[in-house]
2 protein chains.
Amino acid sequence: AAQKLSGGLGSKLCGTSVSVMGANHFFKNEFLIFLKKCFPPADLLPALDGDAKTMTFLQEVVDILLSYIVESFDRNTKVIDFHYPNELLQMNNWALQDEPDSLDDILISCRATLKYAIKTAHPRYFNQLSTGLDMVGLAADWLTSTANTNMFTYEVAPVFVLLEYVTLKKMREIIGWPDGRGDGIFSPGGAISNMYAMLLARFNMFPEVKEKGMSSVPRLAAFTSEHSHFSIKKGAAALGIGTESVICIKADESGKLIPADLERRILEAKQKGFVPFFVSATAGTTVYGAFDPLIAISDICRKDNIWMHVDGAWGGSLLMSRRHRWKLDGVERANSVTWNPHKMMSVPLQCSALLVREEGLMQNCNQMHACYLFQQDKHYDLSYDTGDKALQCGRHVDIFKLWLMWRAKGTIGFEAQIDKCLELSEYLYNKIKDREGYEMVFDGKPQHTNVCFWYLPPGVRYIEDKEEKKKQLHKVAPVIKARMMEYGTTMVSYQPQGDKVNFFRMVISNPAATFEDIDFLIEEIERLGQDL
Amino acid sequence: AAQKLSGGLGSKLCGTSVSVMGANHFFKNEFLIFLKKCFPPADLLPALDGDAKTMTFLQEVVDILLSYIVESFDRNTKVIDFHYPNELLQMNNWALQDEPDSLDDILISCRATLKYAIKTAHPRYFNQLSTGLDMVGLAADWLTSTANTNMFTYEVAPVFVLLEYVTLKKMREIIGWPDGRGDGIFSPGGAISNMYAMLLARFNMFPEVKEKGMSSVPRLAAFTSEHSHFSIKKGAAALGIGTESVICIKADESGKLIPADLERRILEAKQKGFVPFFVSATAGTTVYGAFDPLIAISDICRKDNIWMHVDGAWGGSLLMSRRHRWKLDGVERANSVTWNPHKMMSVPLQCSALLVREEGLMQNCNQMHACYLFQQDKHYDLSYDTGDKALQCGRHVDIFKLWLMWRAKGTIGFEAQIDKCLELSEYLYNKIKDREGYEMVFDGKPQHTNVCFWYLPPGVRYIEDKEEKKKQLHKVAPVIKARMMEYGTTMVSYQPQGDKVNFFRMVISNPAATFEDIDFLIEEIERLGQDL
């Protein structure tokens, strides 16, 4: 009877017939489930007359989101309602089942998910380089989801392809390339953008590598500061270059690459028979926020004809600020630049751009001419089918949120937002540099919004034995951080670096933060650490 | 006076001071702009008392989106309001400027963007492998944007990390790995998932490649069908293996890899001194929708100890269907599987999973131990900090939309949706296989929803000269496709393949499509092609 019903009534109810076949390890109670699945959410669109029900459902979700947004900006709420992984696994039914949930259950799941999420928009959330939530950026991301398309061709994403074109050009103008000429792409993050750069550098020097692989190429050497991002090594490992071919250049006390060491290590590599092909300078290192000296580095690269990449994933946005862009002087000499608007410019994740000075190189490097996608007999200008220069086939639309935010703020609005974050970090630096119980990790005013410091609680402050003091100090930041998360009051990062024991790294990219939030952070560190 | 004001009133209005410095090529009319930028959208959150204004603005955007959704499902609207790139550039002001737009202008931009977008949810949009718009998936994507966080650590994405864990395990159970054991990751698309697989295969055989690069490794050979996706070659180019090391195996008339040819080519490669390390079988080829014979392939791989990857980006979802999963028999023998829920399961873009049979390998292959992110002295179970096994550093949250849709439909709901799409394609196949003016590109019932066919308009149908007929036929699909886009009535792909001239490739992954929409497509092709 069940079988009959499922082929008869079933097909009428659902617009399909489902024959109920033999038992299977992941399907049970088939008939009951079958009846159930013809009801919600099967009465949402595309169901006939699904409009009203759909509008109601989506509006209910939006109401949940709007409350969450208001709550996120409220300093009286917690940044996080923290639970350990196995606790959190128990706190809700997260399992995937054969049977459908009702729409009411779906709304409950949405609420539960947000209840235990981190409020990254919270004015006291400082944990990582991307913080804050921009309302226009959010609206744009909602629109992007609704448009649900793919960047590979103009055919399926006409507006977004044009906006990517307009925006990349503008970014290249800001870098300082004549008339904004050049190339570029939005990729799924800074690590992938940096990998693209390395790939292009290799192809530029040895185009045969595309067909013949690394066996056709001499042993290559890449150079980057010891403070640079780990994605340079990750990229080298993936591209078959190997991490040992990434030569780490010494940085000075404030984290900037030392050009003389770069010069020396390039020479050394050449003497050992390596071919130097890639230098990645960092504009805004992850931990110290240091800017490598780009002009000096470019002089060295030019001499040896080495591809100069600038990893400005974190610091590239300072190009938008007349007050701070000097820190990237020389960036216009680079062959490629990574710049992540999802960090300092508060564009919702993901939004990372790779900008390339030479036109056409990306296309030559990556194209495979898939004839089912990039047909050459289409009826429009094929230069707008940009997908074949990507490593990806399908590519998410990351452009619209940046473009719409840029329209809403203007260049000058981004500038004001960035300048404000840098002012806040200067305020923090000034506040703690001579304060009792604090020690700065490096001397001098930070160049970016990274403020790196140790807090020495009373119990550590007066330990005389240097090694013992270091040992105890190493334990302080993790304990305070754990307490922050348990109280849910604020979040800030910590890490060791080289021989330096765990220190706090405050970064400010959250446009919601104020001077008072900085004051709060310091009070909170002292409150949570006083007994240590 | 302007300078004074900007440092005084300005800093009070905006909570920051902006010093107006010397002229710069991208800043003009600074003072006026400065005054303007203190107004919208500066009165949205995080502005004090920004709640009401923010709610109003976001609700206005949502209203625009809700109208767009209803319109998208309406067969009386166009799939696309097509314009050529240079026309579209003129149809709106897309430029990025120094000055901010008003919020009203922002709403106008949202409307313009949607006006010229493709309605990928439209029941008659069949252009590419990912079509349709699921309402629960959309709601989940809106929530994801609002939560705006990063997958790298449990610390910043506790719920999403758990949901990824739960979902990957479930997908591995469905593949058939004991107790769902193994590993995996959500990556930014099928091409990247396939690249991960190749990277793992290489590392598994030659772990020293990570440090020493390809110069430490013999010449490798990868094998895949001539019908496989271009990302296999793209991956080989990027990883330094080289496209020439990707050996294309013959496919039979219906697009399935011929195991005997694979065996022969492996032997040949070994004789030439290559080390076979990777076979990528395709479960659902892009054009024909063919499923390679996985059991036979795995027998060959086992004999030579070669990593077997299954690229199920398109066809992997058939594992959810009791009626169709036999097409992937043997998938449980694979070492890795790509499976894109953003294709056949209609999860909003991007949502691609790589599943890996061996635990721990991804971590060993990709980890770089960044001590600022993956601190070893955190207060929770560090196995939930999954970021170091990724190629990416920051990673977008792609899991929630899949998880929430799965909850809303249940496994059985996905099954019904998939079965329905396959029924529709069978309906199309039966309708045209003997219809006058149609010719199938290959014989027999399609295995996936791909239906590949030529439409021969009256003017081509009776040409006697075979070569001339082919030549004329080659021009038909591009013209009909261009007309479809100009009328905006429907969209379907075409391409040549090997020596076969341009043919239509219908794919059905759009849950909104019905039998009537298939009828419409055929009528439309005939209407638009009758004069050719």
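Worth saying up front: this structure is predicted, and the values here are computed from it rather than measured. Heavy atoms only: backbone and side chains are in, while hydrogens, waters and symmetry mates are out. In what follows, every chain begins at residue 1, and chains take the letters A, B, ... in the order their sequences are listed.
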With only heavy atoms counted, which part of Leu89(B) is less than 4.5 Å from chain A, the side chain, the backbone, both or neither? both
What part of Tyr380(A) is in contact with chain B, defined as an atom under 4.5 angstrom from a non-hydrogen atom: side chain, backbone, both or neither? both
Side chain, backbone, both or neither of Thr514(B) within contact of chain A (heavy atoms, under 4.5 Å): neither
For His379(A) and Phe82(B), run ring-ring contact (aromatic ring centres under 6.0 Å, His included): C-alpha distance rounded to whole Å, both residues' side-chain angles, the deciding distance at 0.1 Å, then the answer. CA-CA 11 Å; His379(A) 60 127; Phe82(B) 180 78; 4.8 Å; yes
Is it the case that Tyr372(B) and His229(A) place a side-chain donor and acceptor less than 3.5 Å from each other? yes
Kindly indicate, with the supporting measurements, whether the criterion side chain to side chain contact (heavy atoms under 4.5 Å, CB included) is fulfilled by Trp142(B) and Thr146(A). CA-CA 9 Å; Trp142(B) 288 357; Thr146(A) 310; 3.4 Å; yes
Just so I know, are the side chains of Gln59(A) and Gln59(B) near enough to count as touching, which here means a heavy-atom distance under 4.5 Å? yes
Non-hydrogen atoms of chain A under 4.5 Å away: do they reach the side chain of Leu66(B), the backbone, both or neither? both
Between chain A and each of Met491(B), Gln128(B), Arg505(B), count heavy-atom pairs under 4.5 Å; write down the option with the most. Gln128(B)
With a 4.5 Å cut-off on heavy-atom pairs, point out which of Lys234(B), Gln392(B), Met214(B) contacts chain A the most. Lys234(B)
Given Asp381(A), Leu138(A), Val61(A), the one with more heavy-atom pairs under 4.5 angstrom with chain B than any other is Leu138(A)
Greatest number of heavy atom pairs closer than 4.5 Å to chain A - which of Tyr154(B), Phe160(B), Phe400(B): Tyr154(B)
Using non-hydrogen atoms and a 4.5 Å limit, figure out which bit of Ser145(B) sits close to chain A: side chain, backbone, both or neither. both
Minimum-distance pair of heavy atoms, taken over all atoms of Pro511(B) and Pro46(A): O-CG, 3.9 Å
Under a 4.5 Å heavy-atom cut-off, does chain A meet the side chain of Tyr494(B), its backbone, both or neither? both
What residue, out of Ile64(B), Thr149(B), Ile192(B), has the most heavy-atom pairs lying under 4.5 Å from chain A? Thr149(B)
Report which part of Ser231(A) has an atom under 4.5 Å of a heavy atom belonging to chain B: side chain, backbone, both, or neither. neither
Go through Asp141(A), Val62(A), Leu349(A) and name the one with the most non-hydrogen pairs under 4.5 angstrom from chain B. Leu349(A)
With a 4.5 angstrom heavy-atom cut-off, which part of Tyr68(B) approaches chain A: side chain, backbone, both or neither? side chain
Rounded distance [0.5 Å steps], NZ in Lys212(B) versus CD in Glu244(A): 3.5 Å
Can Asp377(A) and Asn502(B) be counted as having a side-chain donor-acceptor contact under 3.5 angstrom? yes
Quick check on Thr167(A) against chain B: is it the side chain, the backbone, both or neither that has a heavy atom closer than 4.5 Å? both
Over all atoms of both residues, closest heavy-atom pair of Cys110(A) and Leu404(B): SG-CD2, 3.9 Å
Select, from Leu143(B), Ile241(B), Leu114(B), the one with the greatest count of heavy-atom pairs under 4.5 Å involving chain A. Leu143(B)
Name the region of Tyr384(B), side chain, backbone, both or neither, that has any atom closer than 4.5 Å to a heavy atom of chain A. side chain
Taking all atoms of both residues into account, what is the closest heavy-atom pair of Asn148(A) and Gly132(B), and its distance? ND2-O, 3.1 Å
Which residue out of Asn150(A), Asn86(A), Val209(A), Ile80(A) racks up the most heavy-atom pairs below 4.5 Å with chain B? Asn150(A)
Check whether any side-chain heavy atom of Gln350(A) sits under 4.5 Å from a side-chain heavy atom of Gln350(B), and report yes or no. yes
Heavy-atom closest pair, residues Ala157(B) and Ile118(A): N-CG1, 4.4 Å
Test side chain to side chain contact (heavy atoms under 4.5 Å, CB included) on Lys210(A) and Lys233(B); report intermediate values, then the result. CA-CA 9 Å; Lys210(A) 182 176 177 180; Lys233(B) 285 199 172 180; over 6 Å; no
Tell me, side chain or backbone of Arg202(B) under 4.5 Å from chain A's heavy atoms, or both, or neither? side chain
Atom group of Leu163(A) that falls short of 4.5 Å from chain B, counting heavy atoms: side chain
Taking Leu44(B), Val136(B), Leu65(B) one by one, which has the highest count of heavy-atom pairs under 4.5 Å against chain A? Leu65(B)
Any chance you could measure Trp406(B), atom CH2, to Asp101(A), atom CG, to the nearest 0.5 Å? 13.5 Å
Turns out that what part of Phe73(A) lies under 4.5 Å from chain B's heavy atoms comes down to side chain
Polar side chain donor-acceptor pair, Asn127(A) to Glu155(B), under 3.5 angstrom: yes
Within this structure, what is the CD-OG distance for the pair Glu211(B) and Ser245(A), rounded to the nearest 0.5 Å? 11.0 Å
Is Arg219(A) in contact with chain B via its backbone, its side chain, both, or neither, using a 4.5 Å heavy-atom distance? side chain
Where is the tightest heavy-atom contact between Pro100(A) and Ile412(B), given as atom of each residue plus distance? CD-CG2, 4.4 Å
Testing the basics here: between Val166(B) and Ala95(A), what is the closest heavy-atom pair and its distance to 0.1 Å? CG1-CA, 4.4 Å
Residue pair Gln97(A), Thr411(B): steps toward the side chain to side chain contact (heavy atoms under 4.5 Å, CB included) verdict: CA-CA 6 Å; Gln97(A) 290 156 336; Thr411(B) 309; over 6 Å; no
Between Leu88(A), Thr54(A), Val70(A), Leu96(A), which shows the greatest number of heavy-atom pairs under 4.5 Å with chain B? Leu96(A)
When only pairs under 4.5 Å are counted, which of Val156(A), Val287(A), Asp51(A) shares the most heavy-atom pairs with chain B? Val156(A)
As a quick check of understanding, evaluate side chain to side chain contact (heavy atoms under 4.5 Å, CB included) for Leu58(B) and Met135(A), giving each step before the final call. CA-CA 8 Å; Leu58(B) 289 177; Met135(A) 291 302 115; 3.9 Å; yes
Can you say whether Leu199(B) sits under 4.5 Å from chain A via the side chain, the backbone, both, or neither, judging by heavy atoms? side chain
Among Cys371(A), Gly394(A), Ala117(A), Ala191(A), which has the most heavy-atom pairs under 4.5 Å with chain B? Cys371(A)
